[in-house]
Each structure stands twice: as structure tokens, then as C-alpha cells.
Amino acid sequence: MSRFQVYRAALPEVCATDPRRMVFTADADGRCEVFTWDAAARRARQVTDRPGGTLHGAIDRDAQVWWFAEDARGVGHWRFQPFEGGPDRPGLTGVPDGTARGLAVTGPAPTATATGPAPTATGAAATRPAPTDAAVAALGIGLDDSTTVRLGPRGGPGREVTRVDGPAALAGLAPGGDLLALTRAADSPRAVTVLTPDGTEAAVLPGDGPHGRLWALGFAPAPGRATATLLLVRERDDHYSLATWTPATGIRAHDWCAFDTQITARWYPDGRSVLVRQDRHGRSLLHRAHLDSRTRTAIPAPPGTLLDAAPHPGGDLHTLWTDSTHPPRMASTAGTPLPPLGTVAGRVPGTLRDIRTPGPDGPVHTLLSLPEGGPGPHPAVFLVHGGPADHDRDAYDGTVHSLVASGFAVARVNYRGSTGYGPRWQRAFRAGVGHTQVADLAAVRADLAARGLIRPDATGLWGTSWGGYLVLLALGTRPGLWRAGVAVKPVADYAAAHAAATPALRALDERLFGGTPDQVPARYAHSSPIHYADRVRDPVLVVAATHDTKCPAAQVRSYLAALAATGARHESLWLDSGHDGYDGGDHVAVLRRAVLFLDRELRGTDRTDRTSGTTPPRRPRPPGGGSAHRTVHP
């Protein structure tokens with residue numbers, strides 16, 4: 001693992017006025033840092049060098065490079081410097097430190113020429129302003145229990161445009177600088193708010209009415225447009241469709257452009273068409289929607305997953321593609337040189353099978369990676385994704401690579417509640433929060449064992465964040481079914497985690513459970529792993545972070561104490577980091593510890609199959625493997 005690298009597999013951000021200038025993240029001595037890329041010279045320059053690493057970067061139309069300087073808790077501020085280098089400056093002065101909730105840089109002149117939004121790492125847009133000295137920056141900053149949007153000349157004083165209670169994010173700034181879009185919970189009565197620079201509400205777009213949930217994806221580029229146009233995605237009637245909003249027309253639904261599973265979208269530089277990326281059953285599809293002609297065309301893409309796709313001037317399309325046996329690869333349809341990703345070269349070990357297990361709300365889809373060259377059944381690890389609003393993809397995963405190279409089968413289950421299978425699947429929580437997902441994991445385990453693909457006596461769980469929560473809940477509610485579990489930065493006590501977590505996660509909890517722990521205490525208790533700690537019979541490794549604000553340390557310590565009180569076999573590993581660590585050393589430590597733990601518990605001794613009563617043969621321990629990291633965000 002000495003060559004382990006840490007980075008974020010993402011397309012580079014491209015300067016709107018000079019597409020040869022880009023910003024990307026890459027490994028820097030085991031940390032994730034921000035770099036510039038000069039495509040003409042094929043030269044990279046490291047911009048940031050921070051002890052904890054740097055993840056969020058962007059570039060504006062004047063080739064000013066932006067990054068978010070955050071601490072282990074995710075609290076910090078935006079800074080920028082010229083593309084060629086030089087002193088860095090705060091994005092806006094007088095802005096309190098907080099969490100990143102959106103960045104947009106543009107100019108005040110409505111006649112400014114633009115080429116298209118370059119969505120930043122935080123989901124906002126860097127659009128093209130008028131003259132350089134007129135550049136205006138808008139920042140969304142999350143404070144303890146509120147979100148503030150600040151606006152001002154780039155590098156100058158930031159004036160508060162609005163402050164709202166709870167989590168929100170800046171979704172974009174119109175090319176003329178005359179409108180801002182703020183997005184909140186997609187099912188709230190104020191899902192999207194459009195504001196003028198003085199804070200006046202130009203429109204409030206609800207997401208809780210008969211028209212369904214609503215998301216804002218940024219303003220259209222300016223060419224040929226007399227008014228600002230905001231791109232929206234709406235969920236309605238178990239479909240997702242595009243919509244647009246203008247001051248003159250309000251919301252205009254594009255129901256002709258509907259999809260049965262989740263989508264995201266970006267404007268093309270012409271401001272008239274939209275690139276739609278669809279997540280469907282663990283893989284990706286691309287479409288171009290022409291809004292004026294109301295037509296949609298498919299864009300060819302190889303089977304697998306497009307982690308991102310972005311259109312650029314001159315018809316260039318940048319894509320970031322991967323599948324389970326090929327690490328991410330960037331490509332440009334115009335042949336533009338793109339920065340190296342630093343991933344594993346070539347194909348990685350393992351074969352992939354799609355398994356569908358019958359269930360009460362439809363088949364549960366599993367991506368099963370199997371070792372090559374050896375007969376089954378195999379010892380298996382269920383790698384449980386987080387979220388719950390996320391899903392596993394036919395995409396390269398460094399943890400899968402390591403486990404398969406070590407001789408394990410790896411099952412990635414898109415349980416009910418996962419995205420990528422439509423709204424009904426995402427809302428299917430028949431047995432309650434967590435219990436529905438554990439039921440799907442158990443059903444898939446039984447199915448794979450019955451097919452002779454995995455060994456039921458040598459099956460473990462590994463999950464991060466909400467996936468780690470499901471690991472702990474599964475061990476407590478179905479003792480003896482799993483032989484071991486690894487829970488990385490988990491929710492272990494839902495009520496305690498809610499009390500100490502970020503406002504965004506508290507809001508997520510309240511939507512999942514239908515209220516706060518004070519309002520519905522029985523629901524939180526029913527779904528909390530600590531409630532079942534005295535029933536845990538299988539060994540568990542718990543990894544936690546001392547500065548974690550998403551799955552706080554105190555509730556993990558309480559869970560570990562509960563395990564100790566009952567004598568349950570457990571181990572713990574503590575990291576001096578936050579939830580989203582950018583230091584490769586931590587990822588190496590977790591990967592090595594977890595693989596060795598699972599190897600010992602699943603293959604280290606003879607075990608009697610609790611289902612059949614037979615004793616499986618001992619298998620030799622294969623050599624371990626390692627590669628790039630996997631992080632799951634709640």
C-alpha cells in the first residue's frame with residue numbers, strides 16, 4: 001500500500017473564457033490538494049498545501065482559482081489566487097467561517113458574454129462576468145443553525161443578501177448578477193427561492209405541493225437571452241422531468257423530457273439545450289435535451305458509470321467514465337488534453353455479476369464482484385453504501401479492488417431507499433428506517449448463498465457513514481447471521497447523533513423519522529443500533545473520527561461502552577480527523593485494519609455453518625491488495 005494515493009475522481013473545472021485553463025484535485029504526498037492544469041502546455045501546478053488536505057476547488061471566468069480552506073470539522077472560508085500563481089486572498093472579507101454552501105462568480109452587466117456555467121465542487125456555478133474589475137462573488141456559508149448568502153466584489157467586503165434558518169445552498173447567480181437562486185429541501189414549501197441582490201424575493205417555488213419535489217441547477221448562459229433562465233428538476237408522478245423558470249413566465253414544465261430514475265443536468269454553452277445524466281439501475285445514460293424544439297437525443301456512452309459529464313465551447317464534451325473493473329478515465333471529444341487522474345492502470349482483478357433478488361417492493365439489485373481463477377462459493381463481504389439517498393454503481397471502488405484481490409466476493413446491494421431506481425423505491429421503508437435495508441441485505445445474503453456464490457459461514461459486512469449504521473443495526477437485530485462487521489464513522493445512537501450533528505443532517509433525520517427524537521422517541525429507539533447492543537454476538541470493528549460532525553464521536557463512544565458492558569467482541573480505531581478526511585494515511589490505516597480483521601474473522605479459523613451444520617474446509621490466506629480510497633457521504 002506504499003503507493004496509495006488520495007484524490008477526488010472528478011472532472012476538472014474549466015475556465016469559461018479560456019477552456020485550456022482548468023482546476024482539478026489530485027494526490028500530493030498522500031493528501032488531496034487543488035492543482036491548476038494548463039492544457040496547452042500540459043503542465044500542472046499545485047495551488048494548495050494544507051495539513052488536512054483540500055477538496056473543493058473552482059475557477060472563474062477571469063481564471064482566478066478558488067478553494068475552500070476548511071478544518072477537520074468542514075468549517076472554513078473561500079480563498080482565491082491567479083491561475084499563474086501569486087498571493088491568495090479571501091473570496092470576500094468580513095464573512096464568518098462556516099461550511100461551504102455554494103460559490104458563484106459573475107459580473108453585474110446583463111450584456112456580458114458568457115459560455116456556460118462551470119459547476120463548482122459544492123454544486124454552484126461560476127459564470128462569466130463583465131470586465132474583470134466588475135467581478136462579483138456570491139458565497140453560501142452554513143453557520144450553526146442557519147445559512148447566510150454574502151455578495152460583493154471579488155476580494156472585497158461581503159454584504160449579507162439573506163440569512164435563512166436551517167440548511168440551504170446557493171444554486172447560482174444569473175450572468176447579469178441581477179438574480180440569485182437559493183435551494184432548500186426539495187419537498188419543502190420554499191424548495192427554491194429566487195432573490196435580487198438586495199435580498200428581495202423575486203419568486204418562491206414550492207416543492208411540497210401537487211407538482212412534486214423541486215431542485216435548482218443553475219442559471220442559463222447569457223447568449224441570445226433577454227432574461228435570466230433557471231434550470232430545475234422536478235419529481236412528479238414517480239418520474240423526474242426538466243423545468244425552467246424565468247421572471248416573465250414563472251415555471252415552465254418540460255414534461256416531454258421525463259425519466260423514470262434520478263437525473264442531474266447542466267446547460268450547454270448555447271443556453272438553449274441541456275445535458276442530462278441519468279442514474280439507472282447502477283449505470284449511467286446521457287441525453288441532450290433541446291428545449292426550444294422539445295426533442296431529446298441519446299448520447300452514446302460505454303456500459304458502466306459516468307461519474308460526471310460536462311459540455312464546453314466548440315462542441316467539446318468532457319466525461320469521467322468507469323466500471324467495476326476499470327478505474328475512472330477522463331476523455332474529451334475534441335481531444336483536449338486533460339490532467340492525469342493517477343489511478344491504477346489497466347483492468348483490475350475480478351468479474352462482475354448482476355444479481356436480482358425478489359422482494360416485497362420489487363427485485364433488489366446487487367452488484368456482485370467475484371475473485372478470478374478460484375471455484376466458489378467464496379467468503380464474502382457486503383460493502384454497504386451510505387446515504388440513504390445514494391446507490392452503488394458499476395464503478396471502480398478501491399475497497400472492492402482490495403477485497404477481491406484478497407480472495408473475497410464483494411456484494412454491493414442497492415437496498416430499498418437507494419437512488420437510481422425511481423421515487424417509489426427510494427420511499428419504500430416498509431419496516432422502518434434501517435430495518436427495511438437490513439431485511440434486504442439479509443434476503444440478498446440468503447439468495448447468494450442458495451445460488452452457491454458465497455459461503456454463508458464466512459460472510460461479513462463493511463459500511464461507512466450511514467452504511468456503517470446499517471452494519472451495526474444488522475449485527476444487533478440479526479445476531480449470528482453475519483460473522484463479522486466493520487462500521488466506519490457510523491451512526492450508533494440516532495437520538496444522540498441528531499442532537500450533535502449538523503443542521504442539514506438533523507433535517508434529514510426528521511424527514512426520515514417524521515419528527516425529532518423528542519416528538520417520536522420510539523421511532524428513533526427502534527432504529528438505533530445502541531438499542532440492540534446487548535444482542536450483538538459477532539465481532540465488530542468500529543472506526544470513528546474525533547472531529548466528526550456528521551456521525552459525532554460521543555455517540556460512538558456510548559455504543560462501544562454498551563458493547564463492553566455485555567462482553568461483545570469488538571475493536572475500535574480512532575482517527576484524528578473529521579467525517580470527510582482527505583489524508584491518505586487515514587485511509588490506508590482503515591483499509592489495512594479492516595481487511596486484516598475480516599480475513600481473520602471470516603477465514604482465520606474453522607467454523608461450523610450455522611445454517612447447514614457442516615464444517616467448511618479451511619482456505620489459505622491470499623495476499624492483500626490496496627489502491628485508491630472510497631468515501632461515502634450521508
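Only a predicted model underlies this, so the values are computations on that prediction, with no experimental measurement involved.
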Spacing of Ser527 atom OG and Leu470 atom CG [to the nearest 0.5 Å]: 10.0 Å
Is it true that Asp308 and Arg266 have a side-chain N and a carboxylate O under 4.0 angstrom from each other? yes
Side-chain donor or acceptor of Thr322 paired with backbone N/O of Tyr396 under 3.5 Å: yes
With distance as the sole criterion, is a donor-acceptor pair present between the side chains of Thr147 and Arg101 under 3.5 Å? yes
Without swapping roles, check the side chain of His239 against the backbone of Asp237 for a donor-acceptor pair under 3.5 Å. yes
Residues Tyr524, Phe513; criterion side chain to side chain contact (heavy atoms under 4.5 Å, CB included); working and verdict: CA-CA 7 Å; Tyr524 280 81; Phe513 289 99; 3.6 Å; yes
Is a side-chain donor or acceptor of His570 paired with a backbone partner of Ala568 at a separation under 3.5 angstrom? yes
Looking at Gly467, is its backbone amide N or carbonyl O close enough to the side chain of Thr464 to form a donor-acceptor pair, meaning the two atoms are under 3.5 Å apart? no
Are Arg73 and Asp71 within salt-bridge range, i.e. N to O under 4.0 Å? yes
Quick one: does any side-chain atom of Asp538 pair with a main-chain N or O of Gly480 as donor and acceptor, under 3.5 Å? yes
If every non-hydrogen atom of Thr48 is compared with every non-hydrogen atom of Thr54, which pair is closest and at what distance? OG1-OG1, 3.5 Å
When you measure from the side chain of His547 to the backbone N and O of Leu575, does any donor-acceptor pair fall under 3.5 Å? no
Check the side chains of Arg79 and His77 for a donor-acceptor pair under 3.5 angstrom, ignoring hydrogens and angles. yes
Would you say Gln426 and Thr419 are linked by a side-chain donor-acceptor pair, where the criterion is simply a distance under 3.5 Å? no
Any side-chain heavy atom of Leu205 sitting closer than 4.5 Å to one from Leu232? yes
Counting only N and O atoms by type, is there a donor-acceptor contact under 3.5 Å from the side chain of Ser146 to the main-chain atoms of Leu143? no
Hey, does the side chain of Lys489 reach the backbone of Gly578 with a donor-acceptor pair shorter than 3.5 angstrom? yes
Might you point out which heavy atoms bring Gly420 and Thr261 nearest each other, and give the distance in Å? O-CG2, 3.4 Å
Would you give the length of the straight line joining atom CG of Leu403 to atom CG of Leu598, rounded to the nearest 0.5 angstrom? 7.0 Å
Are the charged groups of Arg424 and Asp260 less than 4.0 angstrom apart, N to O? no
Do His579 and Ser465 pair up side chain to side chain, a donor and an acceptor below 3.5 Å, judged on atom types alone? yes
Do the side chains of Arg393 and Asp390 get close enough for a salt bridge, i.e. N-O under 4.0 angstrom? yes
Report yes or no: do Tyr421 and His365 form a side-chain donor-acceptor pair below 3.5 Å? yes
Could you pull out all residues at least two apart from Trp66 that satisfy ring-ring contact (aromatic ring centres under 6.0 Å, His included)? Phe80
Would you kindly say whether Asp394 and Ser324 are connected by a side-chain donor-acceptor distance under 3.5 Å? yes
Any idea which heavy atoms bring Arg430 and Pro360 closest together, and the distance? NH2-O, 3.4 Å
Ignoring hydrogens and angles, state whether a donor on the side chain of Gln278 or Ser284 is under 3.5 Å from an acceptor on the partner side chain. no
Modelled atom types, side-chain donor and acceptor of Thr516 and His498, under 3.5 Å: no
At their closest point, which heavy atom of Gly485 faces which heavy atom of Leu475, and how far apart are they? CA-CD1, 4.0 Å
Short question: side chain of Thr25, backbone of Leu55 - any donor-acceptor pair under 3.5 Å? no
Could you walk me through whether Val194 and Trp245 satisfy the side chain to side chain contact (heavy atoms under 4.5 Å, CB included) test, starting with their C-alpha distance in whole Å, then the side-chain angles of each, then the deciding distance to 0.1 Å, before giving a yes or no? CA-CA 10 Å; Val194 184; Trp245 175 91; 3.7 Å; yes
I'd like to know if Arg190 and Asp208 make a salt bridge, using a cut-off of under 4.0 Å between side-chain N and carboxylate O. no
Report yes or no: do Arg416 and Ser418 form a side-chain donor-acceptor pair below 3.5 Å? no
Donor-acceptor pair between His385 and Tyr415 side chains, under 3.5 angstrom: yes
Identify whether the distance between the nearest side-chain nitrogen and carboxylate oxygen of Glu601 and Arg483 falls below 4.0 Å. no
Salt bridge flag under 4.0 Å for residues Glu70 and Arg50: no
Nearest heavy-atom neighbours spanning Phe68 and Ala100: CZ-N, 3.5 Å
Which donor-acceptor pairs under 3.5 Å do side chains of residues 551-558 form with protein atoms, sequence neighbours excluded?
unit_1 : atom_1 : unit_2 : atom_2 : d
Gln555 : OE1    : Ala492 : N      : 2.6
Gln555 : OE1    : Asp493 : N      : 2.9
Gln555 : NE2    : Pro490 : O      : 3.0
Gln555 : NE2    : Pro552 : O      : 2.9
Ser558 : OG     : Ala554 : O      : 3.2

Shortest non-hydrogen contact between Leu307 and Ala9, atoms and distance: CD1-CB, 4.4 Å
